[in-house]
Amino acid sequence: MWLRRTVVCAMVVPLAFLVFRDAPVRLGVPESTGRPAVPAGAPKPTIVSRAQWHADESLVKEHAVYTGTVKAVFVHHTGHTNGYDCADAPEMLRAMEEVHVRGEGWDDIGYNFVVDRCGTVYEGRAGGVGRSVRGAHATGFNAHSVGIAALGTFGPGVPVPKALVEGIAKVGAWKLDRDIDPRGIVRMVSTNDESLYRRGEVVYLHAVAGHRDTFSTYCPGEALYAQLPKIRAEMARLRVKRR
């Protein structure tokens, strides 16, 4: 592929608020996650397909690439204003698709899934919601991960709707490998020097992380980043422990 797979979180509205700052906490090798039981997978949530939101498939430049089991969930925000009517979300997705492909030169929407403020989950990048499609959402860590973007902008003090948190948790709990605790730590390997980590560097991250944890970006915003513990807890709740 001729273009670099990377999405600096939001590309639909002016990005003045996406200041490259807030370096993440770099986690060392954990002695223990402190979780005695391994959660099993969660049920598939209701997902609005690309056909249902009328994605323009003629814009897609390449066939999907599959990378195997999902080891990490990366949470993003899209940069849209927050006062939208949820009925307008499909139109917003179509505009985002066009900007990502025609404006930024990417081969499709970068995120695997998008969740609106009403908690509705939308299929993002093409290739099949039930498969491990490599996204373009986390430079250096697109393989074995899923990118879930909140439709909106979540800077300091911005309220994060409960339905949005729950929607992210539902799709994240379903996609994350059933042998990985969403409250735990995972081992990843950087594939790109343009991330916060050198190519080939072993990194220990939260299984549910923010975009800023692997790239110099403000994404997913202070308010949504602060909700990650709740998202992890909700993902764990949605899973049924193995007997």
Side-chain angles (χ1 to χ4, degrees), residues 1-12 15-30 61-62 64-79 96 99-101 103-114 124-125 127 132-150 153-155 168 172 175-177 180 182 184-222 224-228 231-232:
M1 183 177 68
W2 63 268
L3 58 92
R4 176 169 56 89
R5 288 179 177 271
T6 176
V7 170
V8 186
C9 218
M11 295 293 173
V12 179
L15 302 186
F17 59 87
L18 288 181
V19 181
F20 288 173
R21 60 181 183 82
D22 299 321
V25 175
R26 299 194 176 208
L27 300 172
V29 180
K61 296 179 180 179
E62 294 187 358
V65 176
Y66 302 100
T67 65
T69 183
V70 173
K71 296 171 60 178
V73 174
F74 288 104
V75 178
H76 305 258
H77 66 180
T78 66
M96 182 166 62
V99 170
H100 279 193
V101 177
E104 301 303 326
W106 299 322
D107 53 334
D108 194 1
I109 287 178
Y111 315 117
N112 298 105
F113 298 93
V114 178
R125 199 169 188 81
S132 298
V133 179
R134 186 176 71 189
H137 58 91
T139 300
F141 297 89
N142 287 315
H144 301 286
S145 72
V146 62
I148 306 173
T153 302
F154 297 96
I168 293 172
K175 290 297 293 184
L176 187 66
D177 184 87
I180 295 177
I185 303 297
V186 295
R187 180 185 185 276
M188 304 286 283
V189 179
S190 174
T191 63
N192 194 317
D193 289 332
E194 294 183 19
S195 75
L196 292 177
Y197 304 93
R198 298 184 308 275
R199 181 176 181 178
E201 184 175 354
V202 174
V203 183
Y204 290 86
L205 301 167
H206 288 288
V208 181
H211 187 192
R212 66 173 65 179
D213 289 330
T214 59
F215 195 76
S216 294
T217 177
Y218 181 69
C219 185
E222 293 289 343
L224 185 53
Y225 193 80
Q227 293 294 312
L228 292 185
I231 292 172
R232 295 173 192 130

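Remember, predicted model here, so these are calculated numbers, not experimental data. In what follows, every heavy atom counts, from backbone to side chain, and hydrogens, waters and symmetry copies are set aside.
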For residues Asp177 and Lys71, determine if any side-chain heavy atom of one lies less than 4.5 Å from a side-chain heavy atom of the other. no
With sequence neighbours left out, write down each residue that passes side-chain hydrogen bond (donor to acceptor under 3.5 Å, both in side chains) with Ser132, or none if nothing qualifies. none
Work out which heavy atom in Ala150 is nearest to a heavy atom in Leu224; give both atom names and the distance. CB-CD2, 3.7 Å
Roughly how far, to the nearest 0.5 Å, is the CG atom of Asp213 from the NE2 atom of His206? 7.0 Å
Using every non-hydrogen atom in the two residues, find where His144 and Met188 come nearest and quote the distance to one decimal. O-CE, 4.0 Å
Residues Asn192 and Ser190: closest non-hydrogen pair is O-OG, 3.2 Å
Within the structure provided, determine whether Asp107 and Arg125 are in side-chain contact (heavy-atom separation under 4.5 Å). yes
Val101 side chain near Lys61 side chain, heavy-atom distance below 4.5 Å: yes
Taking the inter-plane angle between the rings of His100 and Trp106 on a 0 to 90° scale, is it parallel (under 30°), tilted (30 to 60°) or perpendicular (over 60°)? perpendicular
Under the side-chain contact (heavy atoms from CB on, under 4.5 Å) rule, what do Phe154 and Gln227 come out as? Steps first, then yes or no, please. CA-CA 10 Å; Phe154 297 96; Gln227 293 294 312; over 6 Å; no
Nearest-0.5 Å distance, CD1 of residue Ile231 to CD1 of residue Ile148: 8.0 Å
What distance do Tyr204 atom OH and Ile185 atom CD1 have between them, rounded to the nearest 0.5 Å? 11.0 Å
Taking all non-hydrogen atoms of both residues, which atom of Pro220 and which atom of His77 are closest, and how far apart? O-ND1, 3.1 Å
May I ask you to decide if the ring planes of Phe141 and Tyr197 are parallel, tilted or perpendicular, using 30° and 60° as cut-offs? perpendicular
Side chains of Thr78 and Met96, heavy atoms from C-beta outward: is any pair under 4.5 Å? yes
Look at the aromatic rings of Phe74 and His137 and report parallel, tilted or perpendicular, splitting at 30° and 60°. tilted
Hey, does Val202 have a side-chain heavy atom less than 4.5 Å from the side chain of Arg187? yes
side-chain hydrogen bond (donor to acceptor under 3.5 Å, both in side chains) against Thr67, all qualifying residues, sequence neighbours excluded: none
Least distance between heavy atoms, Ala138 atom then Thr214 atom: CB-OG1, 4.3 Å
Leu176 side chain near Val146 side chain, heavy-atom distance below 4.5 Å: no
Which residues pass the side-chain contact (heavy atoms from CB on, under 4.5 Å) test with Arg199, not counting sequence neighbours? Asp193
Would you say Val73 and Phe113 make side-chain contact, with heavy atoms under 4.5 Å? no
Just how far is it from atom OG1 of Thr153 to atom OH of Tyr218, taken to the nearest 0.5 Å? 9.5 Å
Which atom pair, heavy atoms only, marks the closest approach of Ala207 to Val186? CB-CG1, 3.9 Å
For Asn112, what residues pass the side-chain hydrogen bond (donor to acceptor under 3.5 Å, both in side chains) criterion, not counting sequence neighbours? none
Just to verify, what does Thr191 make a side-chain contact (heavy atoms from CB on, under 4.5 Å) with, not counting sequence neighbours? none
